[in-house]
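Step one of this worksheet: look at the structure below.
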Number of protein chains: 2
Amino acid sequence: MTTKAYEEYLRDCPAVALLSTISNRWVSLAVCTLGSHGDAMRYNHISREIPGVSQKMLTQTLRMLERDGMVRRTVTPSVPVRVDYELTPLGQGLYGLLSQVRDWAAEKTGEVDEARARYDAGV
Amino acid sequence: MTTKAYEEYLRDCPAVALLSTISNRWVSLAVCTLGSHGDAMRYNHISREIPGVSQKMLTQTLRMLERDGMVRRTVTPSVPVRVDYELTPLGQGLYGLLSQVRDWAAEKTGEVDEARARYDAGV
DNA sequence: CCGCATCCTCTACGATACTG
DNA sequence: CAGTATCGTAGAGGATGCGG
């Protein structure tokens, strides 16, 4: 439900609000997918790169990113329709950060796994 | 439910799995709070810095971070009990990244707001 | 091919109450 | 103070089917 106090926090501190909307697995996966590919990608291409994402969530996430100015959506009215997505400069800026988080995650996976094993054993 | 394909994706690609667990608002808020404060913080102190977070979510998040080796939890058995949380070197590494995302969010808030206004008007 | 609408299921999360 | 335990709900998110 998100408390009243939290909603006020978000209203008073837009940076936290934006951080909160960015801190979402579908957002980071979508941005990283688009960013690492480099140029525009078709809808099905993106969905293939994120195995298991439902079209609902993918569409919803891409729309949100488009609304926030992170992604440009281009419709080519052929038959069948062709829709391309690409990061805007703003989105590329975010990708620059998120890709570092992704790389950090890749590098630290082992360390985290060990910590988990230690924690689970120590209980 | 998270599809079978997605679960396999997480299993096959631990970096994505870790990225997904990090990409969570409570995680980023907790890490940023601990990181920007610099040294150890008591439970109530953290909760005051994140207005509106429920104790349930805060405890759950801190436990997860502790299990993943990002946070050290220190219990001082006085009366009443005193519990301190601080980032481990691993957690500090993550903070180094997340703080950049936070700063970026702060800087780009205006740009995002404009994009939203444009999008909403354009519909 | 892209994606909206519908329905339905789970689970994330909040509220509340109780303990060492 | 710093939790745990329990319960209830809103909303995330998946499955399915239709339409341009």
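Residue numbers begin at 1 in each chain, while the letters A, B, ... track the order of the sequences.
B:Tyr119 and A:Val75 are assigned to two separate hydrophobic clusters, defined by single-linkage of ILVMFWY side chains at heavy-atom distances under 4.5 Å. Linking Ile, Leu, Val, Met, Phe, Trp and Tyr whenever their side-chain heavy atoms come within less than 4.5 Å puts B:Val81 and B:Val71 in one cluster.
The shortest side-chain heavy-atom distance between B:Ile50 and B:Trp26 falls under the 4.5 Å cut-off. Annotation: side chain of A:Ser20 is in contact with side chain of A:Leu10 (closest heavy-atom distance under 4.5 Å).
Residue B:Leu58 contributes atom CG, which lies 13 Å from atom P of C:dC13 at whole-angstrom precision. What separates CE of B:Met57 from P of D:dG3 is a distance of 15 Å, to the nearest Å. Per the geometry, CD belonging to B:Glu7 stands 14 Å off C1' belonging to C:dT11, to the nearest Å. One can place CD of A:Gln55 at 15 Å from P of D:dG19, the figure rounded to the nearest angstrom. Regarding A:Gln60, its CD atom lies at a distance of 16 Å from the C1' atom of C:dC2, rounded to whole Å. As a whole-Å value, the separation of B:Lys56 NZ from C:dG14 C1' is 8 Å. Atom pair B:Leu62:CG and D:dC1:C1' shows a separation of 14 Å (rounding to whole Å applied).
Residues A:His45 and A:Tyr6 each lie close to DNA chain C; by heavy-atom proximity, the contact nearer the 5' end of the strand is made by A:His45. In terms of position on DNA chain D, the residue among B:Tyr85 and A:Gly52 whose nearest nucleotide sits closer to the 5' end is B:Tyr85.
An OP1 or OP2 oxygen of D:dG3 is reached within less than 4.0 angstrom by a side-chain nitrogen or oxygen of B:Arg73. A sub-4.0 Å separation between OP1 or OP2 of C:dC4 and a side-chain N or O of A:Arg63 is present.
Among D:dA2, D:dT4, C:dG3, the nucleotide with an atom closest to any side-chain atom of B:Val83 is D:dA2. Residue A:Thr59 places its side chain closer to C:dG3 than to any other of C:dG14, D:dG14, C:dG3.
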task = Given salt bridge (charged side-chain N to carboxylate O under 4.0 Å, His left out), test A:Asp68 with B:Arg116 step by step and report yes or no.
result = CA-CA 5 Å; A:Asp68 288 356; B:Arg116 283 181 189 164; 2.6 Å; yes
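For DNA chain C, the residues of residues 10-44 of chain A within the heavy-atom distance limit of 4.0 Å (strictly under) are A:Arg42, A:Tyr43, A:Asn44, sorted by number.
With 3.5 Å as the limit, one finds a donor-acceptor pair spanning the side chains of A:Thr59 and A:Tyr43.
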With a 3.5 Å cut-off and sequence neighbours excluded, list the donor-acceptor pairs that the side chains of residues 60-67 of chain A form with protein atoms.
{"from": "A:Thr61", "atom 1": "OG1", "to": "A:Met57", "atom 2": "O", "distance (Å)": "2.7"}
{"from": "A:Arg67", "atom 1": "NH1", "to": "B:Asp120", "atom 2": "OD1", "distance (Å)": "2.7"}
{"from": "A:Arg67", "atom 1": "NH1", "to": "B:Asp120", "atom 2": "OD2", "distance (Å)": "2.5"}

